[in-house]
Each structure stands twice: as structure tokens, then as C-alpha cells.
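One structure is given here, and the rest of the page talks about it.
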Number of protein chains: 2
Amino acid sequence: MAKAQSNTEEKIKDAARKLFVEKGFGNATTRDIAECADTNIALVNYYFRSKENLFQEVFQESFAHTFLPVARILNDDLPLEVKIYKFVDHMTEMLKRDPMMPLFVLSEMRGEHSQMCRIMLESGALESNSFQEQLNREAAKGAIRAADALQVETSLMSMVLFPFLSMNILKMKHQMDDEAFTRFVDSRKKIIPEMTLAYLRQREG
Amino acid sequence: MAKAQSNTEEKIKDAARKLFVEKGFGNATTRDIAECADTNIALVNYYFRSKENLFQEVFQESFAHTFLPVARILNDDLPLEVKIYKFVDHMTEMLKRDPMMPLFVLSEMRGEHSQMCRIMLESGALESNSFQEQLNREAAKGAIRAADALQVETSLMSMVLFPFLSMNILKMKHQMDDEAFTRFVDSRKKIIPEMTLAYLRQREG
DNA sequence: GTCTATATCGTGATAGAC
DNA sequence: GTCTATCACGATATAGAC
């Protein structure tokens, strides 16, 4: 079709992405978005039929293009140790570029309604279980203890994501500026894999 | 003063606590709260001057009485291993009783405005650093490696809190019912301390 | 203390001129 | 495609009767 991309449409999308993530779906108003995109409410509803629709269109891609590819690293074909370091590193770098995304996603998941639920399911959230198989193989070799992949994944996700989820509290409570926060999460790139591997390589208690 | 506690006032507080946590400050309406408390909007504004004020009054106590005491376990006078197991266990049990609280607190912290910020600061969020001192003593004895208390605290908090923060996604993605979720977080009571202690006891990389 | 009725405002969405 | 003007609604909050 090669339809020329309207500049206005893109500006609205960008403004929406920014404001939705910053303030949540409920607190970001159409007026905010229009003003931030240097236009007016009527045009927002001209390009997208409604606020809900705008939300949907913007986050289908945005979410599927940032979070999911990184999360899938755990199912890549890589040696266990390499994989864990790569996962933590890529996830951390992604979050440094988009630090408010995780809190946004989680808070939009409250309540059944939530457009986010549909988006997550449609984005192919159901992964393969090749990570569990890898853990089983390593355990059979005696390289690591027996471990539940879901528990390990959850721990990894927790430790990487949580500092960003609680960024505001963390900064406030420990007087961190942006630079100090970056140093903090950067040093976790080493700590988190070490902690995970120390657990896996330990004899079962 | 011994002023008789109005039953209505308590019902409103309870309703507010429930709905604020469930849907967030912005999405819980005064009408919701009034209806849920079996009364009307006028009475809500009679007892509390405004919605914001109601929020403030309800969460000053609620938050300070549930989360903070548990968080302070890390500064208790206990052997390191005992302390870590106790912290994870108590925190998990607290969260099982109030599973939506963490996501609520974090999402209310977005934006500078946020009454939550004041509440957190006033609640005595500034703890002592006795946990760091304990880690230093243990490291000096050679029992553990040198470690930053803030990093260890963050990892512990992460691993306990995150499953509750992402409860909806977790349940949806892995078809967990309430019982399965409880089993999941219960088994983390063992995994999380093991992981933390395995890291601390490991020779430095 | 409790309720009904209402004032006032901000929101999402649309009609219609250009 | 773009804008102004406006509608319909739901929100918080209050006035005033009982």
C-alpha cells in the first residue's frame, strides 16, 4: 500500500506511549496526549477511534518488541552460565532504556478488564519449556542440583526487574541520583548471575 | 476522650482500604467506597474531608502496621541464617494475607505528587544500618564473602515480593489457581534463603 | 449523624465548518 | 486532515432538610 505515514499520527503514538507509561491508562487523559503531541483531542479520535483503541495499538508492538525478545533468551540454545549472564545483561540494558515499563505493565494488569491481559496473551506469552529441559540435562550430568525452571526464572526476573519497579522508593530512601541508580543496577549484572549459579551448583539441602 | 467509635466510620475505612488497594487511588471512586460501605457519598465527606484525606488516614496506619515491621527484621539481633529465613517466612505470610498491597504501594509512588511518598517518609523508612554491620562482622570472620547490605536486601525483597507483584500474570500464564500460587510462594520460603546464603558463602569471583 | 438534591468541574467523544 | 464548539457523562464535593 505504501501509504505515506502521517507525521501527526506518529506524534500521537509517541505522546501516548510516554504518558500511558508515566501515569497509567486511567490517569493519562486524552487532552494530555493531544497537547503533548502538539495537536487536539479531535485528531486523536480521528486517527484512533477511542482512547482504549489507542492504548491497544500502541502497546501491542511496543511491548512485544522490547520485553518479550529479552525474556525469550532463557529458551535460547546457549550454555547455562552464558545464558544467565546474557539474560541479566540484556534485560538490565533494556530496562535502563525503558525504566517505567515494568511498573506500568504490572499496574495495568490489575482487574480482569485490562486491555493488557489480551495484549500479553496475544504476544505469545506461552514459551517453550526448553529451559526446564536444559536444567534437567545439567542436573543429570551432576553439574547442578535438580531445579524447577519456573522458580529459577521467577528469581531471575525478580532480581532484575524489582529495582526498577521500586526505583522511586530506592532513590528516595537512599538519596540516589540517576547515576547512582545506574551504578546500582549495573553491579547487579554480576551479583544476580553469581547468586543464581551459586544456588544451582550447591548440593541439595 | 473515650469517644465511641462510629460504626459507619470504620465501615468506610474498611471499604476504602479494600478498594484503593484493589483499583488504585485514581480508579476507586468515592461512590464505590460509599456503596461498598453501605452508605452514601455525603457521609464519606462528612467523616473525612476529602478523598485524598481518606486515603491518607487509611494508609498511614495500614502500611506502617503491616509492611514496615517485617522489613525491620533485617535489623533485628539474630544470627544471619536465622534472620534470613525468618524475614522470608514472615514477609511471605504477610503478603499472603495482603497480596495486592505491594503493587498498590509501588503504583501509587509514580509521579512526585503522590500521597504515598509522604506516608513512606513519615513511617520511618530510614532504618539503621545494623544489617550492613552484621555482614561486615561475618565477612571479617571469614564466614561469608564481603557483601553490600543494600544489594542483599534488594535481592531478598525482590524474590519475595515479585511473585505477588506479578501474581496475575503468573496465574494466567501458568494456569495457577489460588492454591497453586500459594504452593509456589511457599516453596520459595526455602529457595530464597538457600540462594542468598549460597551466594554469601561462596568464595568471591 | 444521615440523607437528597445539586453545584461544579474534568473527562471522552462527536458534529460540523474549513 | 485539521480545528472549534459542544454534548453527555461521571467524578468530587457541598448545602440544607430531617
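Every chain is numbered from 1, with letters handed out A, B, ... down the list of sequences.
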Using only side-chain N and O atoms of A:Thr30, determine if any of them is under 4.0 Å from OP1 or OP2 of C:dT11.
no
Applying side-chain hydrogen bond (donor to acceptor under 3.5 Å, both in side chains), can you list everything that pairs with B:Ser166, at least two apart in sequence or on another chain?
none
By nearest-heavy-atom nucleotide on DNA chain D, the more 5' of A:Arg31 and B:Lys51 is A:Arg31
Surrounding CG of B:Asp77 (heavy atoms of other residues, nucleotides or ligands, distance under 6.0 Å), is the total greater than 12?
no
Please report the distance, rounded to the nearest Å, between CZ in A:Phe20 and C1' in C:dG12.
12 Å
Tell me, please, which residues at least two apart from A:Arg188 pass salt bridge (charged side-chain N to carboxylate O under 4.0 Å, His left out).
none
Can you list the residues that meet the side-chain hydrogen bond (donor to acceptor under 3.5 Å, both in side chains) rule with A:Gln134, with sequence neighbours excluded?
A:Lys83
With a sphere of 6.0 Å drawn around CD of A:Glu61, does it hold more than 12 non-hydrogen atoms of other residues, nucleotides or ligands?
yes
Give me each pair satisfying ring pair (Phe, Tyr, Trp, His ring centres under 6.0 Å) with a member in residues 9-53 of chain B, each pair once, sequence neighbours excluded.
B:Phe20-B:Phe25, B:Phe20-B:Phe55, B:Phe25-B:Phe55
Looking at DNA chain C, which of residues 34-43 of chain A put a heavy atom within less than 4.0 Å of it?
A:Ile41, A:Ala42
Taken in chain and number order and not counting sequence neighbours, the residues that satisfy salt bridge (charged side-chain N to carboxylate O under 4.0 Å, His left out) with B:Lys189 are B:Asp89, B:Glu93, B:Asp186
Looking at D:dT2, I'd like to know if its phosphate oxygens (OP1 or OP2) sit under 4.0 Å from a side-chain N or O belonging to A:Tyr47.
yes
Figure out the CZ/P separation between B:Phe48 and D:dT14, and round it to whole Å.
15 Å
Closest-nucleotide ordering on DNA chain C, the 5'-leading residue of A:Thr29 and A:Arg49:
A:Thr29
Atom-pair distance (CD1 on A:Ile12; P on C:dA13), nearest Å:
13 Å
What is the distance, to the nearest angstrom, from the CD1 atom on A:Ile33 to the P atom on C:dA13?
10 Å
What's the CG-C1' distance between B:Asn53 and D:dA13, to the nearest Å?
13 Å
OP1 or OP2 of D:dT14 versus the side-chain N and O atoms of B:Asn45: is any pair under 4.0 Å?
no
d(CD, A:Glu52; P, C:dA13) in whole Å
8 Å
Quickly work out the A:Asn27 CG to C:dG10 P distance and round it to whole Å.
15 Å
Whole-Å gap separating C1' (D:dA13) and OH (B:Tyr46):
16 Å
